[in-house]
Amino acid sequence: MASLIQQPLVMECTGWPDQSSYRLLDSGAGRKFEAFGPHAFIRPEPQAMWQPRLADWDAAGEFVPGSDEDGGGRWNLSPEVPDGWELQWNDVHFTAQPTPFRHLQFFPDMAPVWDWMRGQLDGRDDAETLNMFGYTGLGTLALSDHGRVTHVDASKKSVAQARENAELSKMEDSPIRWLVDDAAKFTAREVRRERRYDGIILDPPKFGRGPKTETWRIEEGLSGLIGDCAKLLDDKSAFLFLTVYAVRMSSLSIAGLLEEALAHLPGQIEHGDLAVREEGEGGRLLPTAIFARWSNPG
């Protein structure tokens with residue numbers, strides 16, 4: 001039975017290996033100031049409750065949130081900001097671009113997660129992994145070094161962008177299955193097919209719609225989805241990683257969900273925060289999401 005480690009962890013992003021790609025420059029007063037390659041932006045961040053350290057934030061753009069809690073808002077961008085520009089994380093190349101959802105087509109705080117997953121698959125060159133809610137494919141491309149990856153997202157546009165990122169990374173011939181599909185329905189079908197995976201990563205949104213107008217609400221759908229994912233793993237599988245953004249949950253609660261679903265497997269379950277550290281001496285840790293993860297050394 002997988003054991004739950006109650007003490008929470010922090011998975012810390014301290015800037016990317018190529019320092020020109022992503023850096024957290026400062027944060028405070030409910031906002032964060034970040035560099036994405038040559039361009040700096042200001043975005044809302046409710047968890048930055050302290051005051052900024054820098055007197056001036058010279059940004060190329062700022063996202064101004066809407067009045068409701070569920071999103072919305074607009075970008076104020078200077079003319080110097082292009083439609084898209086190339087960034088790099090290790091061997092993965094991709095296009096960054098401001099989106100109507102306040103992010104830039106990727107989540108930089110996921111970098112330590114990609115490193116962790118690669119570490120869990122060390123020694124396995126023929127692994128079969130699954131990336132649910134795969135978005136623009138950075139996690140998928142990070143996993144593709146270790147074997148076949150199934151990338152699932154309900155957005156046709158996101159999957160198309162993921163394919164473009166694969167070409168940009170010269171990984172278009174990697175063994176990746178790109179699928180536009182509803183996550184819950186796809187997983188249920190995989191259970192009926194008695195499929196098995198060595199690793200699964202899930203990054204579900206708070207709310208979303210499938211390609212056939214299916215509705216996803218994380219509070220309603222997450223438990224069943226995790227239950228089906230558990231059936232796709234066995235005692236030789238290596239990991240399951242779950243991240244949750246923008247939802248009032250504790251990491252201990254989603255860890256308890258994994259503990260229940262994975263009771264039939266060995267290994268351990270850990271949980272905690274994803275966080276990004278500001279650059280420079282005395283840089284503070286800015287929490288961005290909660291996670292729970294199962295690992296099995298085999």
Side-chain angles (χ1 to χ4, degrees), residues 1-9 11 110 112-134 139-140 142-143 146-153 177 179 181-205 214 216-244 247 249-274 289-298:
M1 178 177 179
S3 59
L4 172 62
I5 309 301
Q6 292 191 355
Q7 184 69 26
L9 304 173
M11 296 188 72
M110 290 292 291
V113 178
W114 304 329
D115 280 328
W116 181 85
M117 292 190 303
R118 282 180 162 182
Q120 301 308 303
L121 295 174
D122 277 351
R124 305 190 190 202
D125 296 327
D126 58 349
E128 184 90 28
T129 54
L130 172 62
N131 187 1
M132 304 290 290
F133 309 97
T140 294
L143 287 168
H146 290 277
R148 298 173 297 278
V149 188
T150 298
H151 174 106
V152 181
D153 197 281
R177 186 166 53 140
L179 299 177
D181 207 340
D182 175 77
K185 290 184 175 179
F186 171 80
T187 308
R189 290 198 303 272
E190 292 291 87
V191 171
R192 292 194 294 271
R193 295 167 182 148
E194 298 185 348
R195 289 290 301 274
R196 176 200 165 275
Y197 289 93
D198 293 288
I200 300 175
I201 177 172
L202 306 97
D203 184 17
E214 302 93 338
W216 164 266
R217 290 182 176 85
I218 194 168
E219 296 89 345
E220 300 170 2
L222 186 58
S223 178
L225 179 60
I226 292 297
D228 279 344
C229 285
K231 297 172 185 175
L232 303 178
L233 302 168
D234 63 21
D235 58 4
K236 295 182 178 60
S237 300
F239 72 86
L240 183 147
F241 201 103
L242 168 66
T243 56
V244 175
V247 177
M249 290 181 182
S250 161
S251 66
L252 189 57
S253 68
I254 59 173
L257 178 60
L258 293 195
E259 182 184 29
E260 177 184 63
L262 300 169
H264 62 294
L265 296 177
Q268 67 178 14
I269 296 164
E270 299 165 298
H271 67 99
D273 286 289
L274 299 184
I290 59 173
F291 74 87
R293 68 190 191 190
W294 168 77
S295 59
N296 175 33

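Owing to the predicted nature of the structure, the values given are computational and were not obtained by experimental measurement.
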Legend entry - Identified side-chain contact (heavy atoms from CB on, under 4.5 Å) counterpart of I201 within the set N131, V149, T243: N131
Inset, instruction - Mind checking side chain to side chain donor-acceptor pair (under 3.5 Å) for K185 and listing every partner two or more places apart, or none if nothing turns up? - result: E214
Legend entry - Non-hydrogen side-chain atoms of P8 and D273 separated by less than 4.5 Å: no
Inset, instruction - Side-chain contact test, heavy atoms from C-beta onward, threshold under 4.5 Å: evaluate it for H271 versus I290 and give yes or no. - result: no
Legend entry - Partner residues of T150 under the side chain to side chain donor-acceptor pair (under 3.5 Å) criterion, sequence neighbours left out: R177
Inset, instruction - Check whether any side-chain heavy atom of V113 lies under 4.5 Å from a side-chain heavy atom of F241, and answer yes or no. - result: yes
Legend entry - Reported CG-to-CD1 distance for the pair L252 and I269, which is rounded to 0.5 angstrom: 11.0 Å
Inset, instruction - Check whether any side-chain heavy atom of E190 sits under 4.5 Å from a side-chain heavy atom of Y197, and report yes or no. - result: yes
Inset, instruction - Considering non-hydrogen atoms only, spot the tightest contact between H264 and A230 and give its length. - result: NE2-O, 3.5 Å
Inset, instruction - Give the minimum heavy-atom separation between P205 and I218, together with the two atoms involved. - result: O-CB, 3.6 Å
Inset, instruction - Enter the distance from E270:CD to R293:CZ here, rounded to the nearest 0.5 Å. - result: 4.0 Å
Legend entry - Considering all heavy atoms, the nearest M110-L274 contact: SD-CD1, 3.8 Å
Inset, instruction - Rounded to the nearest 0.5 Å, what's the gap from OG on S251 to CG on L242? Could you check? - result: 10.5 Å
Legend entry - Inter-residue atom distance L202.CG - M132.CE, 0.5 Å rounding: 6.0 Å
Legend entry - Closest approach of C229 to L240 (non-hydrogen atoms, all atoms of both residues): CB-CD1, 4.0 Å
Legend entry - Whether W116 and F239 hold their rings parallel, tilted or perpendicular, with breakpoints at 30° and 60°: perpendicular
Legend entry - Distance in Å, T187 OG1 paired with I200 CD1, rounded so as to fall on 0.5 Å steps: 7.5 Å
Legend entry - Within 6.0 Å of CD in E219, more than 12 heavy atoms from elsewhere: yes
Legend entry - Under the side chain to side chain donor-acceptor pair (under 3.5 Å) test, residues paired with R189 that sit two or more places apart: D181
Inset, instruction - Hey, could you give me the CG/NZ distance between D198 and K236, rounded to the nearest 0.5 Å? - result: 10.5 Å
Legend entry - Heavy-atom side-chain contact between L265 and S237 under 4.5 Å: no
Inset, instruction - List the atom of W294, the atom of G267, and the distance in Å for their closest heavy-atom pair. - result: NE1-CA, 4.0 Å
Inset, instruction - Indicate yes or no for a side-chain donor-acceptor contact from N296 to the backbone of D235 under 3.5 Å, with no hydrogens or angles considered. - result: yes
